[in-house]
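Written out below as structure tokens is the structure these notes cover.
Every number for a ligand or one of its atoms is a count from 1 in the order of the listing. The chain is numbered in sequence order, starting from 1. Heavy atoms only: backbone and side chains are in, while hydrogens, waters and symmetry mates are out.
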Amino acid sequence: MPGVPLLPPGVQVFERGWLSSNNILLTDADSATLVDSGYVTHSAQTLALLSQALGARALDRLVNTHLHSDHCGGNAALQRHYPALETLIPPGMAEDVKAWRGAALSYEPTGQNCPPFQFTGLLQPGSVHRWANTEWQVHAAPGHDPHSVILFEPEHRLLISADALWQNGFGVVFPELEGIAAFDEVADSLDLIEALDPALVIPGHGAPFTGVTEALAFARQKLEAFAQTPEKHGRYGAKVLLKFKLLEYGSVAKPDFKTWALAVPYMQALHERYGQGVDRATWLDMMLAELQRSGALHDDGAVLHDVSN
Ligand SMILES: [Zn+2]
């Protein structure tokens, strides 16, 4: 059996899949800290996983690597369940969270859901925090999200990489979908990770992995391909948004799904930029057909079914 990489004491990973990001629980005698809270529709499961791990103990602190809905969709539920919860977010979107601007926070443009939450402090790049009896450095890692941070623990060379590095790539480069150059920032963040030299990576999605050199090589190859053919990245971004929503629905009547997709601002912008000269409905059909061909969904003519492996 392939060995599961060994995590240091006090570090637990709840591997959640793609709709919800992984949750990382860091505990020591002083406090219990959770990194990222998953998607809103999985909130009950997040709470159940936590109470199973914590027993009678309360969660003291919640920190977010970034504020995409799959990483902070459970924040509100956790804040309700643990009234004394300290919540730290990266500084970049703090004003938008304070005023709860759903458009700036990406939930409206992506058609995703995230119940409003509050924060009590900031997770400043350059700061160091003592969690799970060890020191965690906060590093800015823009690219996938301009305001994302990653967390590095040098004693065990353990990296919480969010969506800046996965075993097989990295998250969609959202600024690029809006026409804002960010492929260079992805490259810089990969360089930063290489310089940190982690032995073990806990990604935002997927299992913890070693073999960081191979993962970095793969990510750079993928980045190079996207940078050479941004249309490919644009279509990939559209398919990720569609697949994410389908994961949320499970199964959904095709006309309802298309109505949703045609109204989502990001999908409209992507069609304008990468629409290959066809009208929006035709382009959507093309994207859905590509998802069906790649085995990500099943279209029975009336209903679209998510196919998860
Ligand atoms: Zn993300």
Count, excluding waters, the protein N, O or S atoms that are closer to the Zn ion (ligand 1) than 2.8 Å.
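Considering protein N, O and S only, the Zn ion (ligand 1) has 4 within range.
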
Are the aromatic ring centres of H129 and W136 under 6.0 angstrom apart?
no

Between K254 and D285, is the closest basic N to carboxylate O distance under 4.0 Å?
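Between K254 and D285 there is no salt bridge, as every charged N stays at least 4.0 Å from the carboxylate O atoms.
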
Q276 CD: over 12 foreign heavy atoms closer than 6.0 Å:
yes

Ignoring hydrogens and geometry beyond distance, is a side-chain donor-acceptor pair present between D145 and H66 at under 3.5 Å?
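No, because no side-chain N or O of D145 sits under 3.5 Å from a partner of the opposite role on H66.
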
Partner of T27 by side-chain contact (heavy atoms from CB on, under 4.5 Å), out of D60, N133, L54, L34
L54

Test item: D299 side-chain N/O and G301 main-chain N/O as donor-acceptor pair under 3.5 Å:
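Yes, because the side chain of D299 sits within donor-acceptor range (under 3.5 Å) of the backbone of G301.
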
